[in-house]
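Input: a single structure, listed below in structure tokens.
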Amino acid sequence: MKDVYILGIETSCDETSIAIVKNGVEDIATTILSQIDIHKSFGGVVPEIASRMHTENITLVLEDLLNKTQIKIEDIDAIAVTYAPGLLGSLLVGLEFAKTLSLVYNKPLIKVHHLAGHIYANNLEEKLEFPLLALIVSGGHSELVLMEDDYQFLVLGKTLDDAIGEVYDKVAKVLDLPYPGGPVIEQHALKGKPIYDLPKSVVNNQLNFSFSGLKSAVINLVHNEKQKGNEINKYDLAASFQNVAIEQLVRKTREAIIKTNTKRLIIAGGVSANKYLRSEMDKLTKEFNIKLSIPNIKYCTDNATMIAAAAYPLFLKQEFSNYDINAHSTDKLF
Ligand code: KG4
Ligand code: ZN
């Protein structure tokens with residue numbers, strides 16, 4: 001069969017990214033322009049600024065990408081783009097750009113759900129084999145999903161309140177640490193000891209998660225200590241928080257492994273960049289003698305490579321989109 005080259009576009013949040021992927025598995029070229037330094041000063045992503053930055057940068061990102069490879073847009077087989085979920089204005093920039101490229105170069109358009117992108121980022125390491133259990137941990141999602149085949153998702157459990165990445169970001173904020181919170185909390189935790197007593201989640205006997213109790217406990221602890229005039233040890237609090245948060249992910253994933261008797265576990269989403277999570281999941285899968293797949297760190301957080309990879313199974317099924325597709329801030333994949 002002829003090789004398939006897909007150009008992917010991702011603008012759902014604060015990264016403007018375009019990539020070319022061959023046969024859904026090989027990263028030919030990727031460009032990611034992060035806006036983090038701009039949003040940092042506001043303590044989080046400002047939607048209006050994000051969409052304006054995408055508009056300003058998207059053609060530069062494409063130019064940079066095309067400079068990295070011999071592949072021309074004429075050689076591309078399809079244009080893939082994230083249509084949901086995310087910041088509406090940001091998604092629209094990518095979507096309109098994708099529609100324009102598709103129209104001008106006469107290439108089919110493929111809409112891709114952002115979470116499918118995170119899942120299929122694993123294909124850039126090794127082709128997914130089914131059935132598998134997926135743990136999705138990002139800024140907006142925490143879910144355990146069973147996949148029997150490509151694009152077949154059965155949700156086994158999800159967060160009843162906050163997503164894990166969101167809680168990392170909130171904890172960083174209350175400790176006056178910069179956005180995004182995940183990497184900075186991870187670094188602080190390395191220098192601390194888990195000496196603060198924080199509550200474990202009490203969602204028993206099912207595969208749902210809950211992180212809001214832990215988040216409130218951290219916020220209350222910081223406020224109470226401040227009121228008493230006591231110093232908080234940020235390193236120790238980061239270590240204490242991370243231990244409890246990841247213990248819950250491991251505990252629920254363990255239950256799901258037992259329940260499904262799965263032979264494969266994949267991890268997806270921005271929080272999968274966390275090295276402590278990676279090593280705990282490595283231990284868990286070794287204990288059950290099952291296969292673990294986690295994307296390379298560079299594909300864990302938002303990127304267009306994963307969007308092009310996720311479009312490949314849709315390309316094979318000829319699931320192309322019309323130009324009337326719209327962006328959606330929330331849209332269920334599962
Ligand atoms: O997948 P992602 O890039 O965007 C969404 O789709 O939400 O995930 C972003 C989330 C943020 O909450 C960020 O703090 C978290 O992933 N994150 C991490 C790490 N790197 C990013 N959380 C924990 N440890 C990390 N190393
Ligand atoms: Zn994401």
Side-chain angles (χ1 to χ4, degrees), residues 3-34 54 57-87 90-125 127-128 138 150-151 268-270 295-296 298-321 323 325 327-328 331 333:
D3 287 330
V4 173
Y5 292 89
I6 297 181
L7 182 134
I9 300 173
E10 156 66 40
T11 61
S12 68
C13 193
D14 56 347
E15 267 88 28
T16 317
S17 179
I18 309 185
I20 297 172
V21 170
K22 182 176 158 186
N23 299 333
V25 293
E26 190 183 330
D27 179 357
I28 299 296
T30 294
T31 295
I32 305 174
L33 187 64
S34 174
H54 286 306
N57 292 332
I58 199 157
T59 45
L60 304 174
V61 169
L62 180 63
E63 210 173 285
D64 181 80
L65 175 88
L66 295 174
N67 283 336
K68 288 179 185 166
T69 166
Q70 303 294 319
I71 309 274
K72 299 188 199 66
I73 304 188
E74 287 81 356
D75 308 323
I76 296 290
D77 295 286
I79 310 283
V81 60
T82 311
Y83 75 98
L87 303 170
S90 294
L91 287 165
L92 279 170
V93 177
L95 194 58
E96 293 310 311
F97 194 70
K99 285 181 191 175
T100 309
L101 287 180
S102 156
L103 195 64
V104 170
Y105 290 92
N106 194 25
K107 305 289 177 190
L109 181 68
I110 301 176
K111 64 169 191 171
V112 175
H113 193 284
H114 184 77
L115 284 188
H118 278 302
I119 290 169
Y120 282 93
N122 281 284
N123 260 356
L124 298 159
E125 303 309 307
K127 193 113 181 57
L128 297 179
S138 73
D150 274 316
Y151 279 86
N296 185 306
K298 65 182 173 185
Y299 303 127
C300 285
T301 46
D302 293 348
N303 63 84
T305 337
M306 67 184 196
I307 300 304
Y312 182 70
L314 300 176
F315 179 89
L316 294 182
K317 286 193 264 176
Q318 305 270 294
E319 281 192 23
F320 301 133
S321 299
Y323 294 130
I325 56 164
H328 297 276
D331 191 35
L333 171 66

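What's counted below: heavy atoms across the whole structure, side chains too, no hydrogens, waters or symmetry copies.
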Flag, side chain of S17 to backbone of A304, donor-acceptor distance under 3.5 Å: yes

Looking only at heavy atoms, which two atoms of A268 and N122 are closest? And how far apart? CB-ND2, 4.4 Å

Ignoring hydrogens and angles, state whether a donor on the side chain of N57 or T16 is under 3.5 Å from an acceptor on the partner side chain. no

Rounded distance (nearest 0.5 Å) linking atom CD1 of I28 with atom CD of Q70: 11.0 Å

T305 and T30 side chains, donor-acceptor separation under 3.5 Å: yes

Atom pair CD1 (I307) and OH (Y120), whose distance is rounded to the nearest 0.5 Å: 12.5 Å

Out of curiosity, I71 CD1 to L7 CG, how far, rounded to the nearest 0.5 Å? 10.5 Å

Any idea which heavy atoms bring A19 and L65 closest together, and the distance? CA-CD1, 3.7 Å

Looking at CG of L109 and CD of E319, how far apart are the two atoms once the value is rounded to the nearest 0.5 Å? 13.0 Å

Heavy-atom closest pair (P295 atom, C300 atom, distance to 0.1 Å) is O-SG, 3.6 Å

Could you walk me through whether K317 and Y151 pass the side chain to side chain contact (heavy atoms under 4.5 Å, CB included) check? CA-CA 11 Å; K317 286 193 264 176; Y151 279 86; 4.2 Å; yes

Could you tell me whether the side chain of K111 and the main chain of I325 form a donor-acceptor pair under 3.5 Å? no

Are H118 and D302 side-chain neighbours, meaning at least one heavy-atom pair lies under 4.5 Å? yes

Looking at P108, is its backbone amide N or carbonyl O close enough to the side chain of S102 to form a donor-acceptor pair, meaning the two atoms are under 3.5 Å apart? no

Take D27 and Y299 through the side chain to side chain contact (heavy atoms under 4.5 Å, CB included) test and state the conclusion after the steps. CA-CA 10 Å; D27 179 357; Y299 303 127; 2.5 Å; yes

Between L101 and I76, does the side chain to side chain contact (heavy atoms under 4.5 Å, CB included) criterion hold? Intermediate values first, please. CA-CA 11 Å; L101 287 180; I76 296 290; over 6 Å; no

Any sub-3.5 Å donor-acceptor pair from N23's side-chain atoms to D3's backbone N or O? no

Close aromatic pair by centroid cut-off 6.0 Å: F315 and Y5: no

Under the salt bridge (charged side-chain N to carboxylate O under 4.0 Å, His left out) definition, can you give me all pairs with a residue in residues 97-106, not counting sequence neighbours? E96-K99

From CA spacing to verdict: side chain to side chain contact (heavy atoms under 4.5 Å, CB included), E10, I32: CA-CA 9 Å; E10 156 66 40; I32 305 174; over 6 Å; no

Report yes if some heavy atom in the side chain of I79 is under 4.5 Å from a heavy atom in the side chain of Y105; otherwise report no. no

OG1 on T11 to CD1 on I18, rounded to 0.5 Å: 9.0 Å

Side-chain contact, heavy-atom cut-off 4.5 Å: E15 with T301? no

Where S90 and C13 come nearest, the two heavy atoms and their spacing: OG-O, 3.7 Å

Any donor-acceptor pair under 3.5 Å linking the side-chain atoms of Y83 with those of D331? yes

How long is the span from the CD1 atom in I9 to the CG atom in L91, to the nearest 0.5 Å? 12.5 Å

For K68 and A29 the tightest heavy-atom approach is CB-CB, 4.2 Å

Identify the two heavy atoms, one from A84 and one from H328, that lie closest to each other, and give their separation to 0.1 Å. CB-O, 3.1 Å

